[in-house]
Amino acid sequence: MPMEKTFNAAEAEARLYDAWEKAGCFKAGANASRPETFCIMIPPPNVTGSLHMGHAFNNTLQDILVRWHRMRGFDTLWQPGQDHAGIATQMVVERELAKEGKSRRDFTREEFLAKVWEWKGQSGGTIINQLKRLGASCDWSRNAFTMSGAPNAPAGEEGNFHDAVIKVFVDMYDKGYIYRGKRLVNWDPHFETAISDLEVEQVEVDGHMWRLRYALENGETYEHPVEWDEDGNPTAHETRDYLVVATTRPETMLGDTGVAVHPDDPRYRHLIGKTVRLPLCGRSIPIVADEYADPEKGTGAVKITPAHDFNDWEVGQRTNLRAINVMTTRAAMFLKDNPEFAEGCDPDLVAKAIERLDGIDRYEAREAIINEATDDGWLDGIDSDRHMVPHGDRSKTAIEPYLTDQWFVDTAKIVGPALDAVRKGETKILPEQHEKVYFHWLENIEPWCISRQLWWGHQIPVWYGPPLASKELSQRSYDLIAQMDAAEIEKDKAKQDEIWSELDQVLRQLETQETILFCASSENEVQKQAEKFYGCPVTIDWGGSDIADLSTQQRYRLGNRQSGGWYKSGNSQSVDVVNLERDPDVLDTWFSSGLWPIGTLGWPEQTDELNKYFPTDVLITGFDIIFFWVARMMMMQLAVVDRIPFHTVYVHALVRDEKGKKMSKSLGNVLDPLELIEEYGADAVRFTLTSMAAMGRDLKLSTQRIAGYRNFGTKLWNAARFAEMNGVFEGYARDGTVPQPTETVNKWIVGETARVRQTVDEALAAYRFNDAANALYAFVWGKVCDWYVEFSKPLLLDGSEAERAETRATMAWVIDQCLILLHPMMPFITEELWGTLGTRPKMLVHADWPTYGPELVDPAADREMNWVIGLIEEIRSARAQMHVPAGLHVPVLQTGLDAAGRDAWARNEALVKRLARVESLTEVDTLPKGCVTIAVEGGTFALPLADIIDVGEEKARLEKTLAKLEKELGGLTGRLKNPKFVESAPEEVVEETRDLAAAKTDEAAKLRTALERLAELA
RNA sequence: GGGUGAUUAGCUCAGUGGUAGAGCGCUUCGUUCACAUCGAAGAUGUCGGGAGUUCGAAUCUCUCAUCACCCA
């Protein structure tokens, strides 16, 4: 049964992938035949994710390297996995709950986490199946997950990534690389969690700049310029008893604790140290000097809200201003029960502000405040203003700088080795320009906020215990409680009150002491530490405790997050008991992803895989996560195991739409790789991406291009089909032995194959994926299909038995080489052909990658076939231009052909005749006048078509060719005449130029002769 | 504002000092038994502008213009 005319990708892909998996072809070490290892860690997609074009590109490149190394016999591992994507996953599950009218808060933390795991079990494998559709040859038996082995993980989610994360946190904490601190962080009011500065996007929005008047206190005034001369010097002033501050965020004014002016600003210099009265609440706030206030911008006076703005925080730190938080975790106004806010304000105004503003959303508050300012006359004006507003990259809501306790990695302490490794070239970043980006970011690195107020994630392994009371205070509290007991017995109310009052003071003193932190990787360890510290039994509350159930807002109010047991309890029992509570927060997902290289290999256990594959080889990733992930992996691996995680980072570009726009859902220009795979086949999609993967340049993807590479697959398919139909694979040895042909065409194609093998290997070794793809495209289509298959026809159809046998063997080998070399890029169609064309000892995925090289190139055969190809092209071109009917076989004349030409013709007569539609070749001394002339190296050919050709047209054709030739010749001789060129250019360049000039001169002479003949005719 | 990159055929892009290229599209011709998802032939370039280095510049340097991205 003959093969189908095209490859049925839809039918074959799933079947082939299944066969590979069933045979364990992708398992770590499969097909290994040499000691070297090769390991790639997949950049873990979100467990909520689905395959987009960027994934398709990224994983295609990884798969090429992995399949290439596996075929070359390296002990290869492509480690797959997903990350748990804290916010994104929690968002997805909460959305599911919302459909049932429920929220996360309707469940306990444990219940909610069970739901997340349940969701993960059902939907978390989506992207795995999509990667399989693409053909990704990952070792799925090792699929990793950044939450595997977490305490609440269900069966099937074992693994020890959790252990790795916790151990690293503890190690880094012990080394002093991680600390807890009250700092301004980027707060996402939608998810009510801190996020890192990398998760913040600056979005330009049209907004307003509101000018507000803050009254100067104690009768102070200043002169405000109102008229200026031509040079901009003020010529008239007005006296003002207020300062005008400009702000884009009036709602923060309730937290203002100062107004900053530039120390050298002549308008305000004398006011520094004086105060203004804050409208709405009557707080008296100082005017401070700080260079942050730009005299050129706005009014030169800036309201300072340290608790709600990063710049203001800095100013506040420098000038000793209070930081007053006036918002809740949902960015509503927080005024009631907020002693910080009320302190120093007019109680009546505070009551009024609470009544009007407490609990309302920040944007409503903004409006209300502006209305009030308008009504009360302290709104100075409104200007429209376009400015950048930070937004959460997940929630898309404006983030709020917010003052909370968070955990930070002190990145400055671990950045050094990560910088050095790249500086010294231990890790290379390609393309090189990205090294600059890497350096720039790391050299200016900020502390990394790693705590998140979420439930889904690795809970921070820190427990809080009560402060240890001093002996005196402890004793005093014992005594007081004893007295209280006595008073209780005596029912002496006055005495009880007196004791309570004193006890209250003791308690206050205890409260002001620091909470005790215990950081350890296990409950046992924490308990041991705590018991040693307190010298008494310790119980541990493992979450779900009071604190964990408090809203984050309530926790904020608690400030120092004191835990249940305040102090050594002072009852009359002889044994004291201390209760510890765990920090309810979880770690940033990127903290766990940062351990991907070691974590997936089983660290902290010293597994065989860890010893074998770490450090890994190449990381292939998009530039958008250089900071998020690459830099952090470098820092963390070096900090934890003191080794680089990989020696090469290949940073690929962005896949855009065909107009160059970033693909986005809102623009609707997203190309879905799965749809493309369905329409064109995975191989076409892969090959397209590969051929466009020039380093450092974005890809503009069009379906037309994909269709083109689908056609390429069909072309290969049909070349194989031709071979199969001609019995090429019957009796073929299939042991990979390079054929030793005697026919020139066969020698030639063997050499061409050897060349492309070398080109492909060199290109892949240099991560020049597009060069490899394009070389193969040019070889398979341009050499094998266009020429070799055609050349083989006379031999296969009309050749002698020996010629037939030799050509069959050569063609079988050549097609096998095409399949092998193309396999990493087009795994499906090549594997299918491999199986179709014969019975093989191994599947193509494990076929041996060839090592032959230029030694297979036969220069004489090469020269000869190029001459034959040139001759055929010339004859075809002349025929087409002279309108010779396509089907007509024409006689050809030849004159002055040299020995090489005669030999070439003799050996390849059948080929030329067939491909150029030549009827006969006759040698003549002089060419007839009316003929089409073809000048080639070593002789002149002509088509005697006096009755067909148009003399004018032939003349024009020859003149055009001649003109082009002469132009080239002009350049060449110009250079050769220049003595400096001959002196300074490399010898081979000069030699090459001379040869070329000679050949062109020769050809030009022949054309001139032809033109003369034509002239005689006319 | 700071940084990085780009500008080459109608379109998308290769090409880092030595004869300007590919694919797609376009025009003409062709169903000869691998393939019409095909074949043959053809047209199309002041390599963004200017200056410099060099025997020689698309390529190196400077400068201007335009565009894109990243960071503030």
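Worth knowing before you read on, the calculation uses all heavy atoms, side chains too, and leaves out hydrogens, waters and symmetry mates. In what follows, chains carry the letters A, B, and so on, assigned in the order in which the sequence lines appear, proteins first and then strands, with residues in each chain numbered from 1.
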Is [N] paired to anything, Watson-Crick or G-U wobble with both distances less than 3.5 Å, and if yes, which nucleotide?
N	value
B:U44	none
B:U61	B:A51
B:C69	B:G3
B:A9	none
B:A20	none
B:C38	B:G30
B:A14	none

Describe the nucleic acid contact of A:Arg721 in one word from base, sugar-phosphate, nothing, applying a heavy-atom distance below 4.0 Å.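 Sugar-phosphate, no base atom in range.
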
Tell me what A:Asn978 touches on the nucleic acid: a base, only sugar-phosphate, or nothing, going by heavy atoms under 4.0 Å.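 Since only primed, P, OP1 and OP2 atoms lie under 4.0 Å of A:Asn978, the category is sugar-phosphate.
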
For residues 961-974 of chain A, which residue pairs pass the salt bridge (charged side-chain N to carboxylate O under 4.0 Å, His left out) check, not counting sequence neighbours?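 Sorted result for residues 961-974 of chain A: A:Glu966-A:Arg1008, A:Glu968-A:Lys1000.
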
[atom1] spacing across the pair [N] / [M], given as an integer number of angstrom:
N	M	atom1	answer
B:U8	B:G45	P	15 Å
B:G25	B:A43	C1'	13 Å
B:A22	B:C33	C1'	32 Å
B:C47	B:G39	C1'	32 Å
B:A68	B:G52	C1'	28 Å
B:A6	B:U59	P	12 Å
B:C24	B:U37	C1'	14 Å

Between [atom2] of [N] and [atom1] of [X], the distance in whole Å:
X	N	atom1	atom2	result
A:Leu689	B:C13	CG	C1'	15 Å
A:Gln433	B:U4	CD	P	11 Å
A:Glu1003	B:U19	CD	C1'	13 Å
A:Glu983	B:U54	CD	P	15 Å
A:Lys5	B:A36	NZ	C1'	9 Å
A:Glu201	B:C70	CD	P	9 Å
A:Met3	B:C33	CE	P	18 Å
A:Phe7	B:C38	CZ	C1'	20 Å

With a 4.0 Å limit, can you tell me whether A:Lys793 has a side-chain N or O closer than that to the phosphate oxygens OP1/OP2 of B:A34?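 True: A:Lys793 side-chain N/O within range (under 4.0 Å) of B:A34 OP1/OP2.
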
Would you say a side-chain N or O of A:Asn711 is under 4.0 Å from OP1 or OP2 of B:C35?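 Checking B:C35 against A:Asn711, no side-chain N or O comes under 4.0 Å of OP1 or OP2.
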
Taking the six-membered ring of A:Tyr767, is the NZ or CZ of A:Lys428 close enough (under 6.0 Å from the centre) and on axis enough (within 45°)?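 That pair does not qualify as a cation-pi contact.
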
A:Phe981 ring centre to A:Arg975 NZ or CZ under 6.0 Å, with the angle to the axis within 45°?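 Ring-cation test returns yes.
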
Between A:Asn908 (side chain) and A:Leu911 (backbone), is there a donor-acceptor pair under 3.5 Å?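 Checking the backbone N and O of A:Leu911 against the side chain of A:Asn908, no donor-acceptor pair under 3.5 Å is found.
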
Report the C-alpha distance between A:Glu832 and A:Phe7 in whole Å, list the side-chain angles of each, state the deciding distance to 0.1 Å, and finish with yes or no for side-chain contact (heavy atoms from CB on, under 4.5 Å). CA-CA 9 Å; A:Glu832 179 73 353; A:Phe7 171 57; 3.6 Å; yes

Under 6.0 Å between the ring centres of A:Phe687 and A:Phe769?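 No, the ring of A:Phe687 stays outside the 6.0 Å limit from the ring of A:Phe769, centre to centre.
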
For A:Tyr438 and A:Met634, what are the C-alpha separation, side-chain angles and deciding distance, and is it a side-chain contact (heavy atoms from CB on, under 4.5 Å)? CA-CA 11 Å; A:Tyr438 175 89; A:Met634 290 291 287; 3.5 Å; yes

Nearest nucleotide by nearest heavy atom, which residue falls closer to the 5' end of RNA chain B, A:Val789 or A:Phe623?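 Looking at RNA chain B, the more 5' nearest nucleotide goes with A:Val789.
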
Hey, which of these two, A:Asn718 or A:Met692, hits RNA chain B nearer its 5' end, going by closest nucleotide?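 Mapping each residue to its closest nucleotide by heavy atoms, the 5'-most match is A:Met692.
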
Among [options], which nucleotide sits nearest the side chain of [X]?
X	options	answer
A:Lys980	B:A34, B:U19, B:C55	B:C55
A:Glu790	B:C69, B:U12, B:A34	B:A34
A:Lys436	B:A34, B:U4, B:U37	B:U4

For side-chain contact (heavy atoms from CB on, under 4.5 Å), just list the numbers for A:Gln317 and A:Trp313, CA-CA rounded to whole Å, side-chain angles, deciding distance to a tenth of an Å, and then say yes or no. CA-CA 6 Å; A:Gln317 292 288 303; A:Trp313 173 259; 3.3 Å; yes

Show each protein N/O and nucleotides 39-44 of chain B N/O combination with a separation under 3.5 Å, one pair to a line.
unit_1 : atom_1 : unit_2   : atom_2 : d
B:G39  : OP1    : A:Lys715 : NZ     : 3.2
B:G39  : OP1    : A:Trp781 : NE1    : 2.5
B:A41  : O3'    : A:Ser877 : OG     : 3.4
B:G42  : OP1    : A:Ser877 : OG     : 3.0
B:A43  : OP1    : A:Lys960 : NZ     : 2.1

Which atom pairs link the protein and nucleotides 15-18 of chain B when you take only N or O atoms and keep those under 3.5 Å?
unit_1 : atom_1 : unit_2   : atom_2 : d
B:G15  : OP1    : A:Arg768 : NH2    : 3.1

Straight-line distance of A:Phe57 CZ to A:Arg686 CZ, nearest 0.5 Å: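 A:Phe57 atom CZ to A:Arg686 atom CZ measures 12.5 Å (nearest 0.5 Å).
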
Please test A:Asn746 against A:Thr807 for side chain to side chain donor-acceptor pair (under 3.5 Å), starting from the C-alpha separation and ending with a verdict. CA-CA 7 Å; A:Asn746 290 330; A:Thr807 306; 3.2 Å; yes

Please test A:Ser691 against A:Tyr709 for side chain to side chain donor-acceptor pair (under 3.5 Å), starting from the C-alpha separation and ending with a verdict. CA-CA 9 Å; A:Ser691 71; A:Tyr709 289 116; 3.1 Å; yes

In sequence, state the C-alpha distance, the side-chain angles, and the governing distance for A:Val745 and A:Met865, and then conclude on side-chain contact (heavy atoms from CB on, under 4.5 Å). CA-CA 7 Å; A:Val745 264; A:Met865 290 321 295; 3.3 Å; yes

